[in-house]
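Numbering starts at 1 and runs along the sequence shown. Just so you know, ligand 1 is whichever comes first in the structure, and atom 1 is the first atom listed for that ligand. The structure displayed is predicted, hence computed values, not measured ones.
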Amino acid sequence: MKIIVAGTGFVGLTHAAVLSESGHEVYAYDVDAKKIAAYNSGDPAQINHYVNEPGLAALINETINRYLFFTTNIEAIIEGTDAIFMCLPTPPRPNGSSDLSYYDKALDYIAPLLAKRQDGRRIVIINKSTVPVGTARHLESILKRHNVPNFGIASNPEFLPEGDAVERSRRPDRVVVGADTEDDMRILRRVYSQFVNHVRIAFIETTPETAEAIKYVANTLLLTYISFWNGIGARLGEAFPNVRMEDLKRGVTADNRISKWGSYVSNGAGGSCFGKDIQSLIYQFKTANQPTGLLESVYQINEYQKTYLIDRAIHEAGAKFNHKTVALLGLSFKKQTNDMRDSSSLKVVESLLARGVKEVRAYDPLAIPEAKHYFNPDKNHLFEKISYFDTVKEALVGSDMVFISTDWEEFRGLSGTIEQVVKPPFLIMDGRRMIPDYTEMVTRGYGYIAVGSPYLAPKS
Ligand code: UGA
């Protein structure tokens with residue numbers, strides 16, 4: 001199959017690379033010539049600068065210029081194309097609705113080219129990035145308006161978690177394809193021939209609208225589940241001293257019907273998808289006159305969770321932040337990524353600065369260059385109070401307390417490092433329950449407050 005993937009961010013680049021591995025002729029298109037040059041160079045550092053996914057740069061190097069091609073010009077390659085995947089960003093607008101301007105702009109470029117094709121073949125235009133229910137129909141009307149001949153529209157949402165995108169693209173739980181006609185479904189089956197009759201992969205054929213809805217229900221359900229643990233599980237552990245979170249979690253999720261994924265309590269779920277998708281669904285429900293109570297509660301619980309540990313530190317531990325130095329461990333929205341979109345750390349920094357801290361000493365194994373874009377002192381002079389360090393130890397030096405915001409594995413050994421570097425009185429705020437031996441830390445004179453536990457005052 002000859003396939004164009006329009007948009008080479010996280011979704012598009014991974015998708016293009018994995019499709020090329022199946023022997024399709026894949027053209028990854030982007031309007032950004034610098035990005036295309038970086039991908040074309042094959043240099044892992046340059047590729048990772050744009051999309052940092054384990055195994056992705058290596059995969060690109062295996063298929064580049066054999067099955068995978070990068071281009072800024074669709075016109076030159078449109079003839080003979082069977083499918084175009086639309087993988088454009090759809091960020092939230094301030095009112096929660098999805099901003100489709102990147103999508104529409106790409107379509108403005110592609111639709112006239114589709115109209116001019118001479119090959120007479122059937123071509124399917126497929127929405128892959130998350131778009132509101134009804135967008136495939138909107139796509140159809142635009143293509144009709146341009147008098148595009150012999151085309152079909154489809155929805156094929158992506159379900160990739162960051163940090164594991166290549167592996168999960170190769171072995172997805174399911175592939176959802178929504179199309180109107182058997183002809184279009186046949187093209188989609190050929191694109192995904194390796195998955196169609198796979199014993200462990202559900203290949204789900206449905207309508208475009210259902211496929212679009214599946215993505216929203218899946219993401220909002222996952223966020224609802226995380227928020228259930230944060231809003232109910234963690235609260236139980238905080239209100240009743242002998243409720244132990246780890247045991248509660250194991251006891252509840254031993255039931256095969258209840259997911260283990262999503263049951264670790266945290267200072268909120270971040271990332272480019274959950275917050276954006278739930279806000280978009282709230283907006284879509286409002287537009288369709290449907291009740292939004294459950295969705296709004298989930299969204300609010302998740303937002304509240306991001307910084308409530310700081311408020312608890314004040315109320316339960318009597319912590320004072322004014323003129324204090326705080327080590328901040330973890331900036332990315334989860335481990336194994338440098339992505340800081342909607343990361344809880346953004347809210348943590350905002351809250352600490354608003355409380356007058358003297359310095360935030362930040363450490364993250366990957367996200368520091370990213371953080372410098374977010375915390376740019378030219379934008380806000382308060383960001384001058386943030387300094388960055390290459391190791392946990394350096395970040396802890398001279399600090400009065402630490403806030404753990406990301407679940408990087410290396411933080412599991414933190415208690416030893418804290419003991420080496422800082423003497424009590426010292427407060428540990430643990431947003432990810434990363435310190436298994438916290439009761440020992442308390443006997444050694446450190447204060448400890450975590451999501452899911454009441455404040456434990458130092459014992460000596
Ligand atoms: C999420 C979904 O998991 C993917 O299926 C989906 O395709 C993707 O969004 C998307 O729509 O593109 P991702 O944003 O990469 O993937 O991140 P997750 O691994 O789902 O984690 C989201 C947040 O939840 C992170 O901040 C993570 O630390 C947090 N989390 C996760 C918890 O707080 N508790 C948990 O038990 C699990």
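- Between Arg361 and Glu394 there is no salt bridge, since none of the side-chain N atoms of the basic residue sits less than 4.0 Å from a carboxylate O of the acidic one.
- Of the possible donor and acceptor atoms, none in the side chain of His24 sits under 3.5 Å from a partner among the backbone N and O of Val26.
- Classification of Lys335 and Glu162 as a salt-bridged pair fails, no side-chain N sitting under 4.0 Å from a carboxylate O.
- Counting only residues at least two apart or in different chains, ring pair (Phe, Tyr, Trp, His ring centres under 6.0 Å) contacts with residues 239-296 are absent.
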Once you restrict both partners to nitrogen or oxygen, which atoms of ligand 1 have a protein partner under 3.5 Å, and how far apart are they?
residue	atom	partner	partner atom	Å
ligand 1	5 (O)	Phe159	O	3.1
ligand 1	7 (O)	Phe159	O	3.3
ligand 1	7 (O)	Leu160	N	2.9
ligand 1	7 (O)	Leu160	O	3.3
ligand 1	11 (O)	Lys215	NZ	2.8
ligand 1	11 (O)	Asn219	ND2	2.7
ligand 1	12 (O)	Glu158	OE2	2.6
ligand 1	15 (O)	Glu162	N	2.6
ligand 1	15 (O)	Lys334	NZ	3.1
ligand 1	17 (O)	Lys334	NZ	3.3
ligand 1	19 (O)	Lys334	NZ	2.9
ligand 1	26 (O)	Gly270	N	3.0
ligand 1	26 (O)	Phe333	O	2.7
ligand 1	28 (O)	Tyr264	OH	3.0
ligand 1	28 (O)	Arg432	NH1	2.8
ligand 1	33 (O)	Ser266	OG	2.6
ligand 1	34 (N)	Tyr264	O	3.0
ligand 1	36 (O)	Gly262	N	3.2
ligand 1	36 (O)	Gly262	O	3.3
ligand 1	36 (O)	Ser263	N	3.3
ligand 1	36 (O)	Tyr264	N	3.1
ligand 1	36 (O)	Tyr264	O	3.4

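- Of the charged side-chain nitrogens involved, none lies within less than 4.0 Å of a carboxylate oxygen, so that Arg341 and Glu370 do not count as a salt-bridged pair.
- Ion pairing between a basic and an acidic side chain is recognised when a charged N comes within 4.0 Å of a carboxylate O; Asp180 and Arg137 show such pairing.
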